[in-house]
Structures are given as structure tokens and as C-alpha cells.
Amino acid sequence: MSDFETFSVNDVPDNAHILDVREPYEFDAGHIPGAINMPMEQLPMRIEELDPDTDYYVICRTGGRSARATPYLEMQGYSAFNVAGGCGAWLEADLPLVSESGAEPIVR
């Protein structure tokens, strides 16, 4: 059992701050509009770019990386929630995705 809060893609608020912890090539292929891309392994070096007074909904491709990144963020004093199922579940729920190339977004 996890000791951090997990949300389904349908329960993420419309105005949520999305933190996508996938690699840049994955993010570029398809991501949630307005999401911040900060690959999981860069979190320790870039964490100060985040606002400690903001709630972040952490997402990856299927939920594994976000489930590891969320408790790390919380241990550093940030408010973070895991998004179950990741961008794959987001796509299956027919929620909006965009790609950096303008092509049809895909989840990698």
C-alpha cells in the first residue's frame, strides 16, 4: 500500500499542474497540454524549478515512474499526487494530448 495519494485520470482537476516525468522524446510525441516535462532522473537537479506551494499531479507512461517520483517529491516538501495509469490511461479516457511536432499525439 502506498503512502501517497493516487488519482485516476478522470479525477485530475481541469486546472491541475501536471508534472510529466517521462523522457523528452516521450513527452514530445504526446503530452497533456500545459504539462511540465522533468524526466524522473533529473528531479534531484531540477527540483528547485518547482513551486513548493503548488499541487503537482505526476504522470508518466503507465504509472511506474510517477509512483516513484511522487514520494520523492513529497519527501522534499512538495505536494505531489500520482496519476494512475499514466498517459496511456489518459489517452484511453479520450482526454486531450498534443505533440510537439503537430502530428497526431502518441504515448511512448
Side-chain angles (χ1 to χ4, degrees):
M1 183 161 172
S2 65
D3 46 349
F4 56 86
E5 208 169 340
T6 298
F7 284 75
S8 77
V9 294
N10 292 313
D11 293 330
V12 174
D14 291 338
N15 61 347
H17 294 271
I18 305 293
L19 179 63
D20 191 322
V21 295
R22 294 177 300 153
E23 294 298 314
Y25 76 92
E26 295 172 289
F27 182 85
D28 290 349
H31 62 272
I32 299 164
I36 298 167
N37 182 221
M38 191 175 294
M40 191 173 85
E41 59 191 42
Q42 292 180 13
L43 280 177
M45 298 169 289
R46 295 182 55 196
I47 197 164
E48 291 182 3
E49 294 175 29
L50 301 175
D51 181 353
D53 296 324
T54 297
D55 293 337
Y56 291 100
Y57 291 79
V58 186
I59 198 164
C60 61
R61 183 171 54 94
T62 61
R65 285 175 279 184
S66 61
R68 293 190 307 274
T70 299
Y72 173 78
L73 288 164
E74 288 185 335
M75 287 188 313
Q76 303 303 313
Y78 291 82
S79 176
F81 309 107
N82 184 46
V83 179
C87 287
W90 193 274
L91 182 65
E92 287 176 15
D94 203 28
L95 294 167
L97 289 174
V98 295
S99 73
E100 291 300 300
S101 69
E104 186 71 26
I106 59 172
V107 174
R108 293 182 173 202

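Heavy atoms only: backbone and side chains are in, while hydrogens, waters and symmetry mates are out. All of these numbers come straight from a predicted model, not from anything done at the bench.
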* Classify the angle between the aromatic ring planes of H17 and Y56 as parallel (below 30°), tilted (30 to 60°) or perpendicular (above 60°). => perpendicular
* Asked: Hey, any chance I36 and V98 share a hydrophobic cluster, counting ILVMFWY side chains that come within less than 4.5 Å of each other, even indirectly?
  -> no
* N37 side chain to D20 main-chain N or O, any donor-acceptor pair under 3.5 Å? -> yes
* Co-membership, hydrophobic cluster, residues W90 and F81, 4.5 Å side-chain -> yes
* **CG-CG distance between D55 and N15, expressed to the nearest 0.5 angstrom** => 10.0 Å
* Asked: Aromatic rings Y57 and F7: how do their planes relate, parallel, tilted or perpendicular, breaks at 30° and 60°?
  -> perpendicular
* **Side-chain heavy atoms of V83 within contact of V58, under 4.5 Å** => no
* In the single-linkage hydrophobic clustering (I, L, V, M, F, W, Y; side-chain heavy atoms under 4.5 Å), do Y78 and M40 co-cluster? -> yes
* With a cut-off of 6.0 Å (strictly less than), are more than 12 heavy atoms of other residues, nucleotides or ligands near CD of E49? -> yes
* Is there side-chain contact between N10 and L95, with at least one heavy-atom pair below 4.5 Å? -> yes
* Give the minimum heavy-atom separation between P44 and I47, together with the two atoms involved. => O-CG2, 4.1 Å
* Asked: Is any side-chain heavy atom of I59 closer than 4.5 Å to a side-chain heavy atom of V12?
  -> no
* Can you check whether G63's main-chain N or O pairs, donor with acceptor, with S66's side chain at less than 3.5 Å? -> yes
* Step through the shown structure and confirm whether more than 12 heavy atoms of other residues, nucleotides or ligands are within 6.0 Å of CZ on R46. => yes
* Structure fact -> In terms of heavy-atom contacts, V9 and G86 come closest through CG1-O, 3.8 Å
* **Residue pair V107 / C87: nearest heavy atoms and the distance that separates them** => CG2-O, 3.6 Å
* Distance in Å, D28 CG paired with S101 OG, rounded so as to fall on 0.5 Å steps -> 8.5 Å
* **Reported CD-to-CD1 distance for the pair E26 and I106, which is rounded to 0.5 angstrom** => 10.5 Å
* **V21-Y72 co-clustered via ILVMFWY side chain contacts under 4.5 Å** => yes
* **Nearest non-hydrogen partners of D53 and D51, listed with the distance** => N-OD1, 2.8 Å
* To do: Check G30 against R22 and note the closest heavy-atom contact, atom names and distance.
  => O-NH2, 2.6 Å
* Would L91 and I18 show up in the same hydrophobic cluster when neighbours are defined by side-chain heavy atoms closer than 4.5 Å? -> yes
* Side-chain contact, heavy-atom cut-off 4.5 Å: Q76 with L43? -> no
* Straight-line distance of M38 CE to F27 CZ, nearest 0.5 Å -> 11.0 Å
* Asked: Which pair of heavy atoms, one from E23 and one from P39, lies closest together, and at what distance?
  -> OE2-CB, 3.8 Å
* Are there more than 12 heavy atoms of other residues, nucleotides or ligands under 6.0 Å from atom CD of E100? -> yes
